[in-house]
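Only one structure is covered here, and it is reproduced in the block below.
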Amino acid sequence: MDVRDLSLAPKYIEHFETQGIESLYPPQEAAVEAGITRGERVVAAMPTASGKTLVAQLAMLSADGPALYVVPLRALATEKYDTFAELPDVSVGIATGDYDADDESLDEHDIIVATSEKVDSAIRNGANWVEAIACVVVDEVHLLNAHGRGPTLEITLAKLRRLVPDQQLVALSATVGNAAEIADWLDAELVRSTWRPIDLRTGVYDDGEVTFDDGTTLSIVPGDEPPTTALVADTIDDGGQALVFVNSRREAETLAQSLGVHGFRQAPDVAAEIGTGATTSTGQALAEAADGGVAFHHAGLRPEHRSIVERAFRERDLAVLCATPTLAAGVNVPARRVIVRDHERFTGDGYEPLPILEVHQMFGRAGRPGLDPYGEAMLVATGVDADALCEQYIGTEPERVESKLDSREALRTHVLATLAGGFAGDRAELDALLASTFFAHQRDAAELTDLVDEVLSYLDATGMIRRDDGLVATDLGRLVSRVYVDPLTGAAVVEALGTAATMDRVTTLTVLEIVCDTEDMSTQYVRTEEAGRLSEFAMRNADQFTKPVHDFEGNFQSWLATVKTARLLDDWIAGVGLPELDERYGVAPGDIRRLAERAEWLLSATEVIAEHLLTGPTPGIGAGQDSETEYEPVLERLRETRQALLDAADD
DNA sequence: GACATTATCATATAGACAGCATGTC
DNA sequence: CTATATGATAATGTC
């Protein structure tokens with residue numbers, strides 16, 4: 001089908017043509033036939049890089065009103081924003097936690113790009129733009145399967161549908177086994193395709209030979225070097241680039257280092273760009289590797305370094321990229337050859353094989369349309385049975401997408417949000433909403449009953465809801481939902497604030513401890529050698545902590561991780577530099593940045609809760625009724641610390 | 001006795017969403 | 001309380 005045949009305004013057709021898009025790819029054509037331009041609800045299950053973005057654009061441009069594009073990552077939001085912003089006479093807005101147009105003006109846009117959490121938050125807070133949306137496009141719907149974030153997506157979709165019943169919905173998914181089930185849930189037509197714009201062959205390397213799914217083989221006999229090195233060198237000799245996936249940051253770095261000495265490509269400019277101001281060990285290692293045309297990529301990198309690496313690789317200044325799975329799900333960084341060196345990952349429950357879907361996503365990064373003649377992706381069999389590996393991952397169908405809503409964590413926050421947002425005022429209405437979720441479609445909403453009971457009791461006990469006359473969120477409950485923290489965090493903060501308000505010494509360390517000791521803060525790893533020093537530090541500063549250091553109840557070891565995080569952020573605020581922090585705590589620059597960002601967010605949430613405690617009646621939790629309770633000094637310290645954190649980020 | 005090889009043991013383990021108030025595409 | 005690779009240190013082996 002030709003682009004001209006679409007019932008689209010000429011300016012858009014012209015735009016696509018200048019982009020070199022003249023005819024539709026088969027899966028795009030199928031989506032059009034299914035009615036995406038006629039307002040039909042469609043689920044399109046197709047490989048990455050097979051033209052999903054155009055499918056989305058066709059739906060959004062032909063919709064009768066503003067459109068919303070939902071993504072799972074902030075980085076993807078900016079990527080899509082840039083793409084859509086090029087459309088003629090289309091006003092695009094972006095709504096993510098870090099990068100936010102103001103709420104009021106969002107309804108002036110034709111297209112809004114947002115993360116699923118931001119949409120959830122907007123619904124919770126009754127943002128006016130939400131109900132105006134005529135067409136919702138959900139990118140990567142298969143993330144319904146993800147622990148933690150999957151439930152947010154399905155609840156958000158259920159609520160959106162409730163708010164705007166006649167809204168068009170287009171969901172884009174990776175090719176998963178039960179896409180039909182998702183489509184069925186969404187009352188959408190399923191379009192399924194495995195077509196790719198560039199040939200991809202996948203295979204397994206074992207003992208000097210790669211065996212591909214199309215029957216071909218590739219002989220690569222390594223000398224002394226590891227097979228991965230030989231596989232990399234081979235594609236570079238052939239004029240291609242290689243992307244290697246490994247399972248830890250350290251592996252990514254050491255592999256980059258060992259490959260860097262080959263000097264595959266000279267990239268002094270990239271090295272220089274990274275090198276300027278690269279004071280940390282991570283930064284220096286990166287600059288060094290980049291000099292030889294190799295780089296590594298993981299979440300410990302500073303965002304600036306990350307984007308330099310991504311750009312340099314896209315522009316072919318770098319020959320090899322050694323990456324953790326950040327790159328498989330993130331922005332588009334394709335390479336001719338993808339090598340999945342590690343197919344297992346530590347999960348906290350031993351090493352587990354990577355999900356098929358994830359490996360296929362990695363594979364999908366192989367082949368740059370228009371630049372490479374083909375793409376090839378391979379697993380490396382080292383010490384495992386190559387046949388088993390092949391059987392498991394090559395040409396197989398990914399796992400089914402299964403709702404993860406039946407978890408205490410998910411229900412805790414979403415039950416509260418549902419009550420607080422006015423989606424339900426009693427148990428029957430709550431059950432009705434839950435009955436419209438993917439979980440209910442796939443299993444049975446009745447399976448949630450016990451967990452919901454448990455969660456309601458918890459929310460009642462912590463003063464976030466009242467159950468006397470139906471189900472009603474209290475002021476505190478509405479607040480907790482609005483600032484988007486886990487009820488567990490809310491309760492912990494209320495309790496800690498109560499203690500802090502009776503303390504003589506409330507310092508930056510105190511308020512940092514409060515926010516670091518919550519469910520929403522990621523915990524740090526405490527080395528055994530570090531544990532002694534940390535507990536000594538805790539003893540010495542016992543008067544500044546809300547937890548009783550000397551007669552501690554509960555898990556002291558895990559609280560030390562809290563102390564470590566609080567102390568680290570305290571140092572960061574005090575002006576200690578990234579290299580120093582890296583050395584002292586073994587925390588990479590990118591992690592510091594994220595920790596600071598989260599702490600700042602949680603401090604502001606805590607601030608709101610503290611203000612509530614100050615003015616409103618104290619709920620029946622924690623200390624707080626006696627006359628010595630002083631919230632003002634705590635509040636002041638919270639504000640001060642948050643500001644200090646913001647200032648520290650500027651340097 | 002100097003040094004190489006091997007046994008033992010400790011260590012560390014992917015990623016990343018959200019609020020609010022201002023002014024940055 | 002799960003598993004594996006790595007790096008440091010100790011123990012053993014070789015010339």
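Proteins get letters first, then strands, A, B, ... in listed order; numbering begins at 1 in each.
One atom, CG of A:Leu416, and another, P of B:dA18, lie 19 Å apart when rounded to the nearest Å. Between the CZ atom of A:Arg593 and the P atom of B:dC17 there is a distance of 13 Å, given to the nearest Å. One atom, NE2 of A:His298, and another, P of B:dA14, lie 9 Å apart when rounded to the nearest Å. Across the protein-nucleic acid pair, A:Glu253 atom CD and B:dA14 atom C1' stand 14 Å apart, rounded to whole Å. Remark: P of B:dC17 and NZ of A:Lys404 are 20 Å apart, rounded to the nearest angstrom. What separates CZ of A:Arg250 from C1' of B:dA10 is a distance of 12 Å, to the nearest Å. Atom pair A:Glu344:CD and C:dT2:C1' shows a separation of 13 Å (rounding to whole Å applied). For the pair A:Arg341 CZ and B:dA14 C1', the interatomic distance rounds to 14 Å; values are reported in whole Å.
Nearer the 5' end of DNA chain B, as judged by each residue's closest nucleotide, is the contact made by A:Glu529, out of A:Glu529 and A:Arg598. Nearest-nucleotide mapping onto DNA chain B: of A:Ser522 and A:Tyr351, the residue sitting toward the 5' end is A:Tyr351.
Residue A:Arg482 has a polar side-chain atom (N or O) positioned under 4.0 Å from OP1 or OP2 of B:dC20. Distances shown here put every side-chain N or O of A:Ser248 at or beyond 4.0 Å from the OP1 or OP2 atom of B:dA12. For the OP1/OP2 pair of B:dT11 and a distance below 4.0 Å, the side-chain nitrogens and oxygens of A:Thr528 include at least one atom meeting the criterion. OP1 or OP2 of B:dA18 has not a single side-chain nitrogen or oxygen of A:Arg124 nearer than 4.0 Å. Using a 4.0 Å cut-off, some side-chain N or O of A:Arg249 falls inside it from OP1 or OP2 of B:dG15. For B:dT13, neither phosphate oxygen OP1 nor OP2 lies less than 4.0 angstrom from any side-chain nitrogen or oxygen of A:Arg345. Distances shorter than 4.0 Å separate some side-chain N or O of A:Arg306 from OP1 or OP2 on B:dA16. Taking only side-chain nitrogens and oxygens, A:Thr324 comes nearer than 4.0 Å to OP1 or OP2 of B:dG15. Residue A:Arg527 places at least one side-chain N or O under 4.0 Å from the OP1 or OP2 atom of B:dA12.
Ranking B:dG19, B:dA14, C:dT2 by closeness to the A:Arg642 side chain, first place goes to B:dG19. Listed nucleotides B:dA16, B:dC17, B:dG15 differ in distance to A:Arg594; the shortest reach to its side chain belongs to B:dA16. Among B:dA16, B:dA18, C:dA5, the nucleotide with an atom closest to any side-chain atom of A:Tyr484 is B:dA18. Closest to the A:Arg74 side chain, of the nucleotides B:dC25, B:dA18, B:dA14, is B:dA18.
Stacking between A:Tyr525 and B:dA12 is absent: the ring centroid is not both under 5.5 Å from the six-membered base ring centre and under 30° in plane angle.
Taking 4.0 Å as the cut-off between side-chain N and carboxylate O, A:Glu597 and A:Arg593 do not count as a salt-bridged pair. For the pair A:Arg637 and A:Glu640, the salt-bridge criterion is met [side-chain N within less than 4.0 Å of a carboxylate O]. Checked for salt-bridge contact, A:Asp486 and A:Arg412 meet the test: a charged N lies under 4.0 Å from a carboxylate O. The pair A:Glu530-A:Lys564 counts as a salt bridge, with a side-chain nitrogen and a carboxylate oxygen less than 4.0 angstrom apart. Under the 4.0 Å criterion applied to side-chain N and carboxylate O atoms, A:Arg567 and A:Glu513 are not assigned as salt-bridge partners.
At least one test fails for A:Arg249 against the ring of A:Phe296: distance under 6.0 Å to the centre or angle within 45° of the axis.
Across all strands shown, nothing is found opposite B:dC17 as a Watson-Crick or G-U wobble partner with both distances under 3.5 Å.
Contact annotation for A:Asp120: no contact, since no heavy-atom pair falls under 4.0 Å across all strands. A:Gly586 comes within 4.0 angstrom of no nucleic acid atom, judged by non-hydrogen atoms across all strands. A:Ala299 comes within 4.0 angstrom of sugar-phosphate atoms only, judged by non-hydrogen atoms across all strands, and of no base. Among the heavy atoms of the strands lying under 4.0 Å from A:Glu251 are primed sugar atoms or P, OP1, OP2 only; no base atom is included. Base engagement by A:Ser604 is indicated by at least one non-hydrogen atom pair under 4.0 Å involving a base atom. Among the protein residues, A:Leu73 comes within range of the sugar-phosphate backbone only, with heavy atoms under 4.0 Å from sugar or phosphate atoms but none that close to a base.
Nucleotides B:dT13 and C:dT2 place their C1' atoms 12 Å apart, quoted to the nearest Å.
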- State the dot-bracket string of DNA chain C. Criteria: Watson-Crick or G-U wobble, both atom distances under 3.5 angstrom; notation: ( ) intrastrand, [ ] crossing earlier pairs, | interstrand, . unpaired. ..|||||||||||||
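Counting only distance, with no hydrogens or angles, the side chain of A:Arg642 and the backbone of A:Trp601 share no donor-acceptor pair below 3.5 Å. In this structure, A:Lys404 contributes its side chain and A:Glu402 its backbone to a donor-acceptor pair below 3.5 Å. Remark: side-chain polar atoms of A:Arg584 are not paired, donor with acceptor, to backbone N or O of A:Pro579 under 3.5 angstrom.
A side-chain contact (heavy atoms from CB on, under 4.5 Å) with A:Val138 is found for one member of A:Leu144, A:Thr156, A:Leu153, A:Leu172 and no other, namely A:Leu153.
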